[in-house]
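Have a look at the structure below before the remarks.
Numbered from 1 within each chain, the chains take letters A, B, ... in sequence-line order. This structure is a prediction, so every number in the text was calculated from the model and none was measured.
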Number of protein chains: 2
Amino acid sequence: MALTDTKQAVMMAARSMVQSRGYNSLSYRDLGKEVGIKSSSIHYYFPSKGNLGAALTHEYTDDFLSYLNEMLAASPNWKHSINSYADVFRATLVRDNRMCLGGIMAAEHTDLDVEIRNEVERFTELLVQWLTGVLQQGNQEMDSTTLKKWAFGIFAAIEGAQLVARGCGDVAVYDHILDAYRTAGLLP
Amino acid sequence: MALTDTKQAVMMAARSMVQSRGYNSLSYRDLGKEVGIKSSSIHYYFPSKGNLGAALTHEYTDDFLSYLNEMLAASPNWKHSINSYADVFRATLVRDNRMCLGGIMAAEHTDLDVEIRNEVERFTELLVQWLTGVLQQGNQEMDSTTLKKWAFGIFAAIEGAQLVARGCGDVAVYDHILDAYRTAGLLP
DNA sequence: ACCTGAACACCGTTCAAGT
DNA sequence: ACCTGAACACCGTTCAAGT
């Protein structure tokens, strides 16, 4: 067993809870029950809830990017990469109607500590940067400003599709919305 | 003074609070302080928080649609109507980084009572229906399935743009994303 | 180093009691 | 008809106390 076993268990449980019920609904007592320790013990690892939320978002961003980059290495072309990106958000939705951590945190923005807000911005920046890189592969004639805006557009549109489909509790809604994005030309 | 003065005051305060901090962060005690009564008194008007949330979303939907239809009557063409629609979401963002009630509720979906979930779906359906009607004005050659998907796409994309811009705490992000939507052809 | 129980001010909700 | 205070089980957080 690694030294940080309990800490990692707390983070894993917390991530899953936030993705399905949101950060505000995350309870140290529920978290303690899940992991098998008392709520006061969690404060040993994460002094405050804001601290936990920030660590959570940071790790989530890193894991997400690692996954995307692994996928990129095996991807035949940029169009395939963008579609795989969209599939990740679809899969999250299928798994218990969960949401992207960055998206659900953005919705709760006003209540968040500054440390979490910074991590949400980092998540956004790094994913948009990844998308920009992919778009550039197949559109080298485009200037960087247009590419970055396009990447931002795809990022926001996918977040929105997930949000709305989740609100309807229906993955088919996600698929219909993505059809529209493709027809319009926002997605390849 | 109307008979339902207090009730309306509760709803107005609650709507504004939810749009800025979310439904989960809405507190009956804070609400009571705002209106000038005790938290237990609010239960006289709204037996449960779910009840209040549902009433809130229902009224929000009706008000939103009334506004959109008034705007429609004064609008020169469908493209102008769609852009005005996008401006409403922009204005909400500018006013204290607020969010669309339907969007923020969708993010908190898992925690919501069924009565609220139904109202969130009603909001989505009616707004998409409104958008479909507007799109039809200028695209009569399109079949109704394509039109409805397009409307759904616009609805989700705007919600997403608002969500992401809110997460960044920057209206300029909203503008950039909408530029991308227009360049791609998702928005006219 | 890691965990606990008790205490604090919060939360939605209930209910008997007031006017 | 409308409002209140007290009580209930919840919440994050603190802290002295255990091992």
Side-chain angles (χ1 to χ4, degrees), chain A residues 1-57 104-105 108-117 119, chain B residues 1-18 20-57 104-105 107-117 119:
Chain A
M1 292 203 251
L3 292 168
T4 48
D5 242 4
T6 311
K7 188 171 184 175
Q8 267 302 314
V10 169
M11 289 193 77
M12 274 179 59
R15 184 195 288 196
S16 147
M17 283 171 165
V18 171
Q19 283 191 264
S20 65
R21 292 207 290 273
Y23 174 75
N24 272 319
S25 301
L26 179 68
S27 149
Y28 264 45
R29 284 179 174 84
D30 286 349
L31 210 43
K33 272 175 205 155
E34 191 79 15
V35 180
I37 54 176
K38 294 292 162 185
S39 77
S40 46
S41 305
I42 301 178
H43 288 273
Y44 174 74
Y45 300 102
F46 304 100
S48 73
K49 200 181 163 186
N51 196 305
L52 170 59
L56 222 54
T57 313
I104 209 162
M105 288 284 199
E108 299 174 292
H109 180 264
T110 317
D111 264 13
L112 304 178
D113 293 345
V114 204
E115 39 181 352
I116 309 188
R117 290 191 194 182
E119 290 297 338
Chain B
M1 294 205 249
L3 292 168
T4 50
D5 242 3
T6 312
K7 188 170 185 176
Q8 267 303 315
V10 169
M11 289 194 77
M12 274 179 58
R15 184 195 287 196
S16 147
M17 283 171 165
V18 171
S20 64
R21 290 208 291 272
Y23 173 75
N24 272 318
S25 301
L26 178 69
S27 148
Y28 264 45
R29 283 179 173 85
D30 286 349
L31 210 43
K33 272 173 204 155
E34 191 80 16
V35 179
I37 54 176
K38 294 293 162 186
S39 78
S40 46
S41 306
I42 301 178
H43 288 273
Y44 174 75
Y45 300 102
F46 304 100
S48 74
K49 201 181 163 187
N51 195 306
L52 170 59
L56 223 54
T57 313
I104 209 162
M105 289 284 199
E108 299 174 293
H109 180 263
T110 317
D111 264 14
L112 304 178
D113 293 344
V114 205
E115 40 181 351
I116 308 188
R117 290 191 194 182
E119 290 297 339

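Of all nucleotides listed (dC2(D), dC11(C), dG12(D)), dC11(C) comes nearest to the side chain of Ser27(B). Distances from the side chain of Tyr45(B) to the nucleotides dG12(C), dC3(D), dT4(D) place dC3(D) closest. Checking dC3(C), dT13(D), dG12(C) against the side-chain heavy atoms of Lys49(B) singles out dG12(C) as nearest. Closest contact between the side chain of Lys38(A) and the listed nucleotides dG12(D), dC15(C), dG5(C) involves dG5(C). Considering only side-chain atoms of Thr6(A), the nucleotide from dG12(C), dC3(C), dC3(D) that sits closest is dC3(C).
The CG atom of Asp113(A) sits 13 Å away from the C1' atom of dT13(D) (whole-angstrom rounding). Protein atom CG of Leu31(A) is 13 Å distant from nucleotide atom C1' of dC11(D), rounded to whole Å. Lys7(B) places its NZ atom 16 Å from the C1' atom of dC3(D), with the value rounded to the nearest Å. Distance Tyr28(B) OH to dA9(C) C1': 21 Å, rounded to the nearest Å. Atom NE2 of His43(A) is separated from atom C1' of dA1(C) by 18 Å (rounded to the nearest Å). Here dC3(C) presents its P atom at 12 Å from CZ of Phe46(A), a figure rounded to the nearest Å.
Backbone-only contact: Leu26(A) has heavy atoms under 4.0 Å from sugar-phosphate atoms and none from a base. Residue contacts for Ser40(B): at a heavy-atom cut-off of 4.0 Å it reaches a base atom on one of the strands shown. Tyr44(A) comes within contact range of at least one nucleobase, with a heavy-atom separation under 4.0 Å. Asp30(A) comes within 4.0 angstrom of the backbone, heavy atoms only, and of no base. The residue Ile42(A) sits apart from the nucleic acid: no heavy atom pair falls under 4.0 Å.
Mapping Gly36(A) and Asn24(B) onto DNA chain C by nearest heavy atom places Gly36(A) closer to the 5' end of the strand. Position along DNA chain C of the nearest nucleotide to Arg29(A) versus Ile37(A) favours Ile37(A) as the more 5'-ward residue.
We find the OG1-CG distance between Thr57(A) and Leu112(A) to be 8.0 Å, quoted to the nearest 0.5 Å. Atom OH in Tyr45(B) sits 11.5 Å away from atom CD in Gln8(B) (nearest 0.5 Å).
For the pair Lys49(B) (side chain) and Tyr23(B) (backbone), a donor-acceptor distance under 3.5 Å is present. Counting only distance, with no hydrogens or angles, the side chain of Ser20(B) and the backbone of Ser16(B) share a donor-acceptor pair below 3.5 Å.
Pairing for dT13(C) is with dA7(D), a Watson-Crick or G-U wobble pair whose two hydrogen-bonding atom distances lie under 3.5 Å. When Watson-Crick and G-U wobble pairs are counted only if both distances are under 3.5 Å, dG18(C) pairs with dC2(D).
A cation-pi arrangement is present between Lys7(A) and Phe46(A) under the rule of less than 6.0 angstrom and at most 45 degrees off the ring axis.
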